Amino acid sequence: MTATALRTHRCGALREAHVGLEVRLGGWLHRRRDLGGLIFFDLRDRAGIVQVSFGPDWTPAAVLEAAATVGPESVVLVRGVVQPRPEAARNPEMVTGQVEVRATQLEVVGPAVTPPIPVWRTKGEDLPAEELRLLHRQLDLRRPEMERNLALRHRLLQRARGVLTELEFYEIETPMLTRPTPEGARDYLVPSRVHPGQFYALPQSPQIYKQLLMVAGFDRYFQLARCFRDEDLRADRQPEFTQIDLEASFVGPEDVYGFVEAVMVNLWDEAGHEVGRPFHRMAFHDAMEHYGSDKPDLRYELKIEDLGDLFGGRGFRVFDTAVEAGGRIRGMRVPGGAQLSRKALDEIAAVAQRHGIGGLATLKRTGDSLTGPLAKLPDIASEQAGLKDGDLLLVTAGADNVTSAALDAVRLQVIQRLELEPVEQHAFLWIEDFPLFERELESDEWIFAHHPFTAPRPEDLPALLDRQYGDVKAQHYDLVYNGNELGSGSIRITDPEVQLRVLEAMGIPRADAERRFGFLLTALRSGAPPHGGFAVGFDRVVMLLAGADSLRDVIAFPKTTAARALFEDSPSPVDPAELASLGIEIRGQ
RNA sequence: GGGGCUGUAGCUCAGUUUGGUUAGAGUGCCGGUCUGUCACACCGGAGGCCGCGGGUUCAAGUCCCGUCAGCCCCGCCA
């Protein structure tokens, strides 16, 4: 399979078993060591690196001479014989280090100019600036680390296909040119030449299509779907990204959990990790209450508690004020937290304050003595506070939506600074029972917490009809892994009347709803099976399994944080004539 | 939209705190010596719009203002 017209083996594949074979290799000159009489090449291809040696005893003089002039990163074809290296010259750090290829022929088929960024680096040398790595992407991708990441990505993609095919899912492609959606993320628009003044949008997700496929009776669908959102970026967010998108009919949440868990367990297995099932589950409310986050990292046991009974009405001014304003006193007991220095605590408090709380009160137990601002309160005893020797209590007060975010940040800080031992390595977690609607902070209006097609819980339908929107829970679920949101899904609305009610609740009158979502409503009226599904953020999965810090390291050609492609220099202006044919005129800035 | 960090040789970085002769190092590159290297070794050399624009000053890599780019975070991401 490896052998082709121009080569017999891949460089990185050669082992002692190949000794004696005459081989032909094609690869990039990673590094050259010229000792005068002897010349060594480290020859690299996607499989790895092998040493090629040129010496007067086995290499013709003209070839030896040519070998002295090949520049780094040039592509060469080499013919030679695999030989064991002299005993003293073996390199245990290379998988091919027991052998070398003694060259008899050399042809430079792809000479390279001196590379602007190095592919080879000395030990401990920093990577080139990200800007240069993206600009010269074909060189950056030659680094073995990038090869490993993209090879892993490939294997994970194939594994996902395999599992879902096994589970009787069809892989079905959906359009990239679709209808703009006014709600949700901003769309990337594509002008139509045939219909000047009209636009397609690139899909933010194949959401509606997959629902139509369920109505069509395909029963189980999946797609390794490219999605596009014109929003500001982060290290873990790209404007175009890949989802493992799936949808199934005649299912409840348990079925969806089962499908997704099967996929995840297989992907983790592909990366060499054993993961147990079923995954943990937690209600959204409990996640916010005990972890201050809808994506808690359950590798660590630290929990947030309501400390109102302990500190309420004790005359601690800021607490009492907060409670009078309708807030609560919450905090966490940190076993061993007394070892945190004053400076560390100040820094943790500063992080918390960036999330809007006034401050972080502490109570520290060392031996039998209590210290910290809260120790001054009358009648506070260690037992009462639940503190053992060396423990620390961190407390704040205020509105839940502020203290939750702050305590979440505090929790992560404490975990990091105390280097707490994880109680498990792979903490998968389902978050359930999300509210269907939430209030927008500024306008105080109800908005979708998820997307408009998420079904309410059947038992909450009366509340929906009663316009008690705050009481309606969604059949929506998020998948969380070690504090990272990996994806989300839901059971969808299949009753057109419920769909209209939900849209109405969001201030979309029936007439508008029929116009904007008519094709979906029509589909729902044409015999729609109960269905639901999920979408996994695949790039993020690859990033975590590759141990990468950024999505850019697991995507071959990513965009910058300003959504630019440096390699090809896009986006770019276009010819006015082309714009004119689209009926588009650019106004000056 | 807002905040932060970074920008000096092809690359990775010192130098900016406290303005002051000719801006350094490692690596890479070029030339030379070298038969067992694998960060080969040794000798020699070239290489700079100090991101860009403006200002302060006798004098700016260094101080001030603006701007561009990359990265990180908040908002945003139904």
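All chains are named by letter (A, B, ...) in the order of the sequence lines, taking the proteins before the strands, and each is independently numbered beginning at 1. Just so you know, these numbers come straight off a predicted model, no measurement behind them.
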Just checking Pro118(A): base, sugar-phosphate only, or nothing, at a heavy-atom cut-off of under 4.0 Å? sugar-phosphate

Give every pair of a protein N or O atom and an N or O atom of nucleotides 3-7 of chain B that lie under 3.5 Å apart, one pair per line with the distance.
none

I'd like a list of close polar pairs between nucleotides 66-70 of chain B and the protein, N/O only, cut-off under 3.5 Å.
unit_1  : atom_1 : unit_2    : atom_2 : d
rA69(B) : O2'    : Glu131(A) : OE1    : 3.3
rA69(B) : O2'    : Glu131(A) : OE2    : 2.6
rG70(B) : OP1    : Thr560(A) : OG1    : 3.1
rG70(B) : O4'    : Glu131(A) : OE1    : 3.4

Between Tyr209(A) and Tyr221(A), does the ring centre distance come in under 6.0 Å? no

Does atom CZ of Arg90(A) have more than 12 heavy-atom neighbours from other groups under 6.0 Å away? yes

Whether Arg33(A) contacts rU37(B) is assessed here as follows: a side-chain N or O lying under 4.0 Å from the phosphate OP1 or OP2. Is that the case? no

Does Phe448(A) reach a base, just sugar-phosphate, or nothing at all? Heavy atoms under 4.0 Å. sugar-phosphate

On the side chain of Arg102(A), is there an atom forming a donor-acceptor pair with the base of rG36(B) - under 3.5 Å, no angle test? yes

Any strand is fair game: report the nucleotide pairing with rC71(B) by Watson-Crick or G-U wobble, both distances under 3.5 Å, or none. rG4(B)

Report all side-chain donor-acceptor pairs from residues 494-507 of chain A shorter than 3.5 Å, counting only partners two or more places apart or in another chain.
unit_1    : atom_1 : unit_2    : atom_2 : d
Asp495(A) : OD1    : Glu497(A) : N      : 2.8
Glu497(A) : OE2    : Arg510(A) : NH2    : 2.4
Gln499(A) : NE2    : Pro452(A) : O      : 2.8

Using the P atom in both, what is the distance from rG55(B) to rG15(B), to the nearest Å? 29 Å

How about Glu65(A): does its CD atom have over 12 heavy atoms from other parts shown lying under 6.0 Å from it? no

Residue Lys559(A) excluded, over 12 heavy atoms near NZ under 6.0 Å: yes

With a non-hydrogen cut-off below 4.0 angstrom, is Pro128(A) in contact with a base, only sugar-phosphate, or nothing? sugar-phosphate

Using a cut-off of 4.0 Å on non-hydrogen atoms, how would the nucleic acid contact of Glu100(A) be classed: base, sugar-phosphate, or nothing? base

Looking across every strand, which nucleic acid part, if any, lies under 4.0 Å from Asp230(A) by heavy atom: base, sugar-phosphate, or nothing? nothing

Just to be sure I understand the rule, does Leu132(A) reach a base, reach only the sugar-phosphate, or reach nothing, if contact means heavy atoms closer than 4.0 Å? sugar-phosphate

With a 3.5 angstrom cut-off on both distances, give the Watson-Crick or G-U wobble partner of rU16(B), or none if there isn't one. none

Which donor-acceptor pairs under 3.5 Å do the side chains of residues 429-437 of chain A make with protein atoms, sequence neighbours left out?
unit_1    : atom_1 : unit_2    : atom_2 : d
Trp430(A) : NE1    : Glu261(A) : OE2    : 2.8
Glu432(A) : OE2    : Tyr257(A) : OH     : 2.7

Under-4.0 Å salt bridge between Arg31(A) and Asp42(A): no

Let me spell it out: for each of Phe453(A) and Lys559(A), pick the nucleotide of RNA chain B with the closest heavy atom. Which residue's pick is nearer the 5' end? Lys559(A)

Atom pairs, protein N/O to nucleotides 24-31 of chain B N/O, distance under 3.5 Å:
unit_1  : atom_1 : unit_2   : atom_2 : d
rG28(B) : OP1    : Arg31(A) : NH2    : 3.1

State the pairing partner of rG66(B); accept Watson-Crick or G-U wobble contacts with both distances under 3.5 Å, and report none otherwise. rC52(B)

Classify the angle between the aromatic ring planes of Phe534(A) and Tyr477(A) as parallel (below 30°), tilted (30 to 60°) or perpendicular (above 60°). parallel

Within residues 49-104 of chain A or reaching into it, pairs that qualify as ring pair (Phe, Tyr, Trp, His ring centres under 6.0 Å) - sequence neighbours excluded: Phe41(A)-Phe54(A)

